[in-house]
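Computation of the quantities below employed the complete heavy-atom set of this structure, encompassing side-chain atoms and omitting hydrogens, waters and symmetry-equivalent molecules.
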Amino acid sequence: MTDRKKFAPASIQEFAPKLAEVTDTVLFGDIWERPGLSPRDRSLVTVTALVALHRTDQLGFHLGKALENGVTKDELVEAITHLAFYAGWPNAMSAVTQLKAIVDKADESA
């Protein structure tokens, strides 16, 4: 596992090593690598589920990953706007606030 990228935060790797291991090997090493969906599509599905379920702790990471995987800012904004009517206005507002912060930070770094 030393040559594989670690996705679980270092604090979780130390505190809950088995959870970190299965995050890295099963979730990101297997599920995310399956050929049935592209990484871009997996990101869009994941972001949608996290917004709908109001899982804000994980959402920031996955919004960034979605951008890395080719989902555009405009597509994410559109998906979140669409979700406002299916998953709730507060969920959408929280998600778009996180997305804006990520995009603003990336723009500052560029």
State which residues pass side chain to side chain contact (heavy atoms under 4.5 Å, CB included) with [X]; sequence neighbours excluded, sorted by chain then number.
{"X": "Val45", "result": "none"}
{"X": "Asn91", "result": "Val51, His54, Ala87"}
{"X": "Ala92", "result": "Ile80, Ala84"}
{"X": "Glu68", "result": "none"}

At their closest point, which heavy atom of [X] faces which heavy atom of [Y], and how far apart are they?
{"X": "Leu50", "Y": "His62", "result": "CD1-CD2, 3.6 Å"}
{"X": "Ile102", "Y": "Gly60", "result": "CD1-O, 3.4 Å"}
{"X": "Leu67", "Y": "Lys73", "result": "CD2-N, 3.8 Å"}
{"X": "Asn69", "Y": "Ser43", "result": "ND2-OG, 2.9 Å"}
{"X": "Ala95", "Y": "Leu63", "result": "O-CD1, 4.0 Å"}

Checklist entry - Taking only residues two or more places apart in sequence or in another chain, which ones pass salt bridge (charged side-chain N to carboxylate O under 4.0 Å, His left out) with Glu75? => result Arg40
Checklist entry - If you look only at pairs with a residue in residues 51-60, which of them pass as a salt bridge (charged side-chain N to carboxylate O under 4.0 Å, His left out), with sequence neighbours excluded? => result none
Checklist outcome for this item: Here the salt bridge (charged side-chain N to carboxylate O under 4.0 Å, His left out) pairs for residues 101-110, sequence neighbours left out, are Lys100-Asp104
Checklist entry - Side-chain heavy atoms under 4.5 angstrom apart, residues restricted to Ile, Leu, Val, Met, Phe, Trp, Tyr: same cluster for Val71 and Trp32? => result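 In one cluster: no.
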Atom pair [atom1] ([X]) and [atom2] ([Y]), whose distance is rounded to the nearest 0.5 Å:
{"X": "Asp30", "Y": "Thr25", "atom1": "CG", "atom2": "OG1", "answer": "8.5 Å"}
{"X": "Leu27", "Y": "Phe7", "atom1": "CG", "atom2": "CZ", "answer": "8.5 Å"}
{"X": "Asp24", "Y": "Gln13", "atom1": "CG", "atom2": "CD", "answer": "6.0 Å"}
{"X": "Glu78", "Y": "Thr72", "atom1": "CD", "atom2": "OG1", "answer": "10.0 Å"}

Item to check | Geometric class of the Phe28/Phe61 ring pair [parallel <30°, tilted 30-60°, perpendicular >60°] | outcome: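 The rings of Phe61 and Phe28 stand perpendicular, inter-plane angle above 60°.
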Checklist entry - Who pairs with Phe15 by ring-ring contact (aromatic ring centres under 6.0 Å, His included), at least two apart in sequence or on another chain? => result none
Checklist entry - Just by modelled atom types, is the Leu59 backbone N or O under 3.5 Å from a matching donor or acceptor in the Gln98 side chain? => result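 No.
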Checklist entry - Judged by atom type as modelled, is there a donor-acceptor pair below 3.5 Å linking the side chain of Arg42 to the main-chain atoms of Glu33? => result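 No, the answer is negative, given that no donor and acceptor are paired below the 3.5 Å cut-off.
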Checklist outcome for this item: Applied to residues 87-110, the ring pair (Phe, Tyr, Trp, His ring centres under 6.0 Å) test, sequence neighbours excluded, yields Phe85-Trp89
